[in-house]
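Heads up: numbering here begins at 1 and tracks the sequence. Worth knowing before you read on, the calculation uses all heavy atoms, side chains too, and leaves out hydrogens, waters and symmetry mates. Computed from a prediction, not measured in an experiment: that's the story for all the values here.
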Amino acid sequence: MRWIKIDEAQMNVPVFRNVWYAVKLVWRADKKLLLGYLLQQTCKDVFALFIQNILFLKILLEVISGNDDFTVYVKYLVLFFIISAMVKLLHWKGEKMNQFATKNVLKVLNNMVFEKANSLDVACYEDPVFYDKYQRATLVLTNSFFDLICYSVSSIFGGLISFACVITTVSVVNPIYILFLLPVLLVFAIEMSKSRQVYKRDLKMTTNNRIKAYIQRTVFLRDFSKDMRTSNIFAVLMNRFEAAIKANIKILREYGVVLFVYSMVSSLFSDFIPIIGTYAYAGYEFVVKNTMTVSGFSVVLSAITSVRTATMDIAESFDDMTQMALYFQNLREFFEYEPKVVSGDKMAGEFESIEFKNVSFIYPSANSYSLKNVSFKTSKGETVAVVGVNGAGKSTLVKLLLRFYDATEGEVLYNGVNVKEYNLDSLRNAFATVFQDYKNFAISIFENVMCRACSDEDKKIAQKALEQSGVWDKISTFADGGDTVLTREFDENGAGLSGGENQKVSTARLFAKDFDVAILDEPSSALDPIAEYKMYENLIKITENKTVIYISHRLSSAVLSDRIIVLGGGTILETGTHSELMAKGGAYADMFTLQASSYNGEEGDDNV
């Protein structure tokens, strides 16, 4: 089981800085959330812990002991009722403010996270450490930590005001009692240290929790159902699941004793010393010295309860706030992350050429180069096939050209200019692309093709593209045709497609787009030979006089190309036309002969 690496920076994050960051973030999204909680908690704490338990009790006892008439007593009761009603009204007003503000803050922060996630480098998704941090950052939203931190800040604010009012009242009775109450202030420091231990514990459990979440999700996904029922993979996953649970239990045990000690010390300063000390001295003053009135004695005893309650509320809120602030550290780092791939200023003009000049590249977490000293040039109107076995570095060429990554060494040029100088959106929109790890979304088929909300004209374009990709015959059988939503995850009338059909829908995006240069990264990986042939036939028609780069380990596209580049081990092994490479008898000829014999074998089996 892999344990997440925890560095010193993660252990010693600036708590108050993160609290301030969280409050500013929420305030910017909707200030009513914090104001609503401040209104609720301040009214509740001051009324319950000071006005009701101490001040009003002291006044009533003084009225009784001073032998005032019943009329005065009733006047104070009416005043108490009015104050109580006002507090309830203000509390209700705060709740109403929070109901709407919570949803608004969640929407604003979600949009911020989505926009930031869309701007991240592709490399971030392939970095386990960053991905763990990203997951912890999203907990701020999924667990409503932004809501809880406002509640905690407000609880601390209300508790401190109540605490100050109580201490002031007690000091009027006798300043000595403050000595018994002040030790509760140590509880804050203890709870802060305790919360850091809890955060360290949770931090160590992050990867294990991610493994558990992955397995819990995978068991219910349709894509994995057949493999789970026809292999022993379920047992393998359950072993990983149980290992993650055992690892978490080990972590819980590791921190259990420490957290227990923190709790005991906290109880000593919040309960034992204030209660025993105050009760003992108050009893001595009231019984032995006879220097304390009934109202004073009542105030001191009530103050113990109020101070203890306020202290525990503050300590608990402080503990929660501290833990959440540590999670906001991850959110802050997520928002402050600056992409390594930086957009340039130039706008990509009409395509003329692509050139790789002595390009080498190594992935951030890899130990060896995926590409080494690769050089070639493609001009307008040329059809180029980049072929090679899996892992040869073919798809890496696409990632560098589209600037998902930047070359480690050398230059990638578009129209003779380094791609780093171009605006990212402008550069990427210059290409029509189909990826080998194609993805369709739980929206309508037409929207999947056009990648936008579709007008009637868009739907006509999408239908023609689907016809060209070879999947319209299937889609036309659906009750809603191209308006059918893919998958039934959100729509019971949705449709599921096979792997090949899904790839055809993805490929239809190419047919629907007006382009000068197309990049097809394994566009037929899920298609059978007949469907593949038909798709390439249509591709030839629509790409006439256009530039096409085929990335594939299947060589049916290579025969149709003007030039073939053969990659192996991250370097160019050979280049030429199909005829030239077959005559050469090198790596390409071996690959083509082997694949041709496989197809011939399949045809022979069909005739048996």
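Residues Ser370 and Thr396 approach most closely at CB-OG1, 4.1 Å, considering heavy atoms. The minimum heavy-atom distance between Leu39 and Gly94, with the atom names listed, is CD2-N, 3.9 Å. When every heavy atom of Asn208 is checked against every heavy atom of Ala247, the shortest pair comes out as ND2-CB, 3.6 Å. Across Leu237 and Ile215, no two heavy atoms sit closer than the pair O-CD1, 3.2 Å. In terms of heavy atoms, Gln41 sits closest to Ser155 at NE2-OG, 3.2 Å. Taking both residues in full, the closest heavy atoms of Leu25 and Phe328 are given as CD2-CE2, 4.3 Å, listed atom of the first, atom of the second, then distance.
No hydrogens or angles considered: nothing links the side chains of Tyr21 and Glu336 as a donor-acceptor pair under 3.5 Å. For the residue pair Asp121 / Tyr337, a side-chain donor-acceptor distance below 3.5 Å is found, with atom types taken as modelled. Between the side chains of Glu333 and Gln329, at least one donor N or O sits under 3.5 Å from an acceptor N or O.
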Self-check item: Derivation and outcome, side chain to side chain contact (heavy atoms under 4.5 Å, CB included), residues Leu331 and Phe146
Solution: CA-CA 11 Å; Leu331 184 67; Phe146 64 89; over 6 Å; no
Quiz prompt | From CA spacing to verdict: side chain to side chain contact (heavy atoms under 4.5 Å, CB included), Val105, Asp147 | solution = CA-CA 9 Å; Val105 171; Asp147 193 73; over 6 Å; no
Quiz item: Are Leu148 and Phe145 close enough, and set up right, to give a side chain to side chain contact (heavy atoms under 4.5 Å, CB included), and what steps lead you there?
Solution: CA-CA 5 Å; Leu148 293 173; Phe145 283 172; 3.9 Å; yes
Practice problem: Decide yes or no on side chain to side chain contact (heavy atoms under 4.5 Å, CB included) for Leu120 and Phe334, but give the supporting numbers first. | Solution: CA-CA 9 Å; Leu120 294 176; Phe334 172 72; 3.6 Å; yes
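With hydrogens and angles ignored, the 3.5 Å screen pairs no side-chain donor or acceptor of Arg201 with any backbone N or O of Asn248. A distance-only check finds a donor-acceptor pair linking the side chain of Asn239 to the backbone of Ala235 [under 3.5 Å]. No side-chain donor-acceptor contact under 3.5 Å links Ser317 to the backbone of Ile156. Between the Asn448 side chain and the Ile443 main chain, a donor and an acceptor come within less than 3.5 Å of each other. Within the 3.5 Å criterion, the main-chain N or O of Asp406 finds no donor-acceptor partner in the side chain of Lys420.
For the pair Tyr255 and Met205, the minimum side-chain heavy-atom distance is 4.5 Å or more. Looking only at side-chain heavy atoms (C-beta outward), Ser360 and Leu371 stay at 4.5 Å or farther from each other. Annotation: side chain of Lys340 is not in contact with side chain of Tyr405 (no heavy-atom distance under 4.5 Å). Leu49 has its side chain out of reach of Phe163: every pair of non-hydrogen atoms, C-beta onward, lies at least 4.5 Å apart. Under the 4.5 Å side-chain criterion, counting only non-hydrogen atoms from C-beta, Val261 is not in contact with Met264. In this structure the side chain of Asn502 reaches within 4.5 angstrom of the side chain of Leu486, judged on heavy atoms. Using a 4.5 Å heavy-atom cutoff, the side chains of Val341 and Phe404 are not in contact. Residues Leu109 and Met112 are in side-chain contact: their nearest non-hydrogen atoms beyond the backbone lie under 4.5 Å apart.
The CG atom of Leu252 sits 11.5 Å away from the CD1 atom of Ile245 when rounded to the nearest 0.5 Å. Atom-to-atom distance recorded for Thr138:OG1 and Asn110:CG is 10.0 Å, nearest 0.5 angstrom. Taking CG of Asn98 as the reference point, atom CG of Leu34 lies at 9.0 Å (rounded to 0.5 Å). Rounded to the nearest 0.5 Å, atoms NZ (Lys96) and NZ (Lys32) are 12.5 Å apart. Taken to the nearest 0.5 Å, the OG1 atom of Thr102 stands 8.5 Å off from the CG atom of Leu106. If you take CZ on Phe50 and SG on Cys165, they are separated by 5.0 Å, rounding to the nearest 0.5 Å.
Around atom CZ of Phe234, no more than 12 heavy atoms belonging to other residues, nucleotides or ligands sit under 6.0 Å away. Residue-environment remark: CZ (Phe335) exceeds the threshold of 12 foreign heavy atoms within 6.0 Å. Within 6.0 Å of NZ in Lys212 there are more than 12 heavy atoms belonging to other residues, nucleotides or ligands.
Taking the six-membered ring for Trp and the full ring otherwise, the centers of Phe47 and Phe80 sit less than 6.0 Å from each other. In this structure, the ring of Phe361 has its center less than 6.0 angstrom from the ring center of Tyr363.
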